[in-house]
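Data first, discussion second: the structure below is written as structure tokens.
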Amino acid sequence: MSETRIPGERHQLIYAVVAQVPRGRVATYGQIAQLAGLPRQARLVGYALSALAAGNRLPWHRVVNARGRISERGDDGRSALTQRRRLEKEGIRFDADGVIALAQYQWRPE
DNA sequence: CCACTGACGAGTG
DNA sequence: GCACTCGCCAGTG
């Protein structure tokens with residue numbers, strides 16, 4: 001069967017998973033993709049998040065890359081700084097290299 | 001319609 | 001551990 005995919009459908013699947021990441025925890029792009037039923041498509045998660053309109057309710061700041069670092073956006077680090085501040089406000093610590101200890105903070109859905 | 005451009009990560013050498 | 005390839009989607013001009 002050829003599954004008819006509506007453009008933007010993947011974005012919705014991704015947003016639905018991001019919305020579930022609890023406060024004080026982080027998830028990786030690859031993890032979000034996996035949970036959204038899009039294994040090995042971490043990049044799509046990045047695309048989906050970059051397409052977010054400002055002022056949305058999604059906790060997009062809880063998504064970091066597989067190395068535990070915040071991915072840069074090409075907006076001169078502005079949004080990256082916002083992201084870091086929000087995470088620190090939730091109690092998440094960064095080491096001197098700007099790395100989050102995933103072993104401690106990564107979200108593990110039941 | 002085509003070309004280009006992004007919040008990634010696993011695999012390979 | 002580093003450099004490189006490749007897979008994959010949606011918006012813009």
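Chain naming here is simple, since letters A, B, ... match the order of the sequence lines and numbering starts at 1 in each. From a predicted model like this one, the values you see are computed outputs, not experimental measurements.
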ask   = For the side-chain contact (heavy atoms from CB on, under 4.5 Å) test, which of A/Q106, A/R84, A/R69, A/Q83 pairs with A/V64?
value = A/Q83

ask   = Touch check for A/Q83, heavy atoms < 4.0 angstrom, all strands: base, sugar-phosphate only, or nothing?
value = nothing

query = With a cut-off of 6.0 Å (strictly less than), are more than 12 heavy atoms of other residues, nucleotides or ligands near CZ of A/R67?
reply = no

query = For A/Y47 and B/dG6, do the ring centres fall under 5.5 Å apart while the planes stay under 30° apart?
reply = yes

key: Rounded distance (nearest 0.5 Å) linking atom OH of A/Y47 with atom CD1 of A/I14   = 11.0 Å

key: Rounded interatomic separation in angstrom, taking CG from A/N65 and P from B/dG6   = 18 Å

task = Indicate, yes or no, whether a donor-acceptor pair under 3.5 Å links the base of C/dG7 to the side chain of A/R43.
result = yes

ask   = Could you state the CZ-C1' distance from A/R67 to B/dA10, rounded to the nearest angstrom?
value = 14 Å

ask   = Would you call A/Y105 and A/L87 a side-chain contact if the rule is heavy atoms closer than 4.5 Å?
value = no

message = Here's a test for you: under side-chain contact (heavy atoms from CB on, under 4.5 Å), which of A/R25, A/R86, A/R23 qualifies with A/R62?
response = A/R23

query = What's the CD1-C1' distance between A/I6 and C/dG11, to the nearest Å?
reply = 18 Å

remark   = Taken to the nearest whole Å, CG/A/L102 to C1'/B/dC8 is 14 Å

inquiry  = If you compare every side-chain N and O of A/R40 against the phosphate oxygens of B/dG11 (OP1, OP2), does one of them come in below 4.0 Å?
reply    = yes

inquiry  = Need one value for A/A66: base, sugar-phosphate or nothing, where a base atom within 4.0 Å counts as base even if backbone is also close, heavy atoms only.
reply    = sugar-phosphate

ask   = What is the distance, rounded to the nearest whole Å, between atom CD of A/Q34 and atom C1' of B/dC8?
value = 14 Å

task = Measure from the side-chain heavy atoms of A/P7 and tell me the nearest of C/dC9, B/dG9, C/dA10.
result = C/dA10

ask   = Quick one: CG on A/L13 to CD1 on A/I32, what's the gap to the nearest 0.5 Å?
value = 12.0 Å

task = Please work out if A/L52 contacts a base, only the sugar-phosphate, or nothing of the nucleic acid, heavy-atom cut-off 4.0 Å.
result = base

message = Can you work out whether A/Q41 or A/A51 has the more 5'-proximal nearest nucleotide on DNA chain C?
response = A/Q41

request  = Could you check which residues of residues 8-25 of chain A get a heavy atom under 4.0 Å from DNA chain C? Sort them by number, please.
outcome  = A/G8, A/E9, A/R10, A/H11

note = Between CZ of A/R73 and C1' of B/dT5 the distance, given in whole Å, is 16 Å

Trace of the side-chain contact (heavy atoms from CB on, under 4.5 Å) decision for A/R93 with A/Q104 = CA-CA 10 Å; A/R93 304 279 221 72; A/Q104 181 179 0; over 6 Å; no

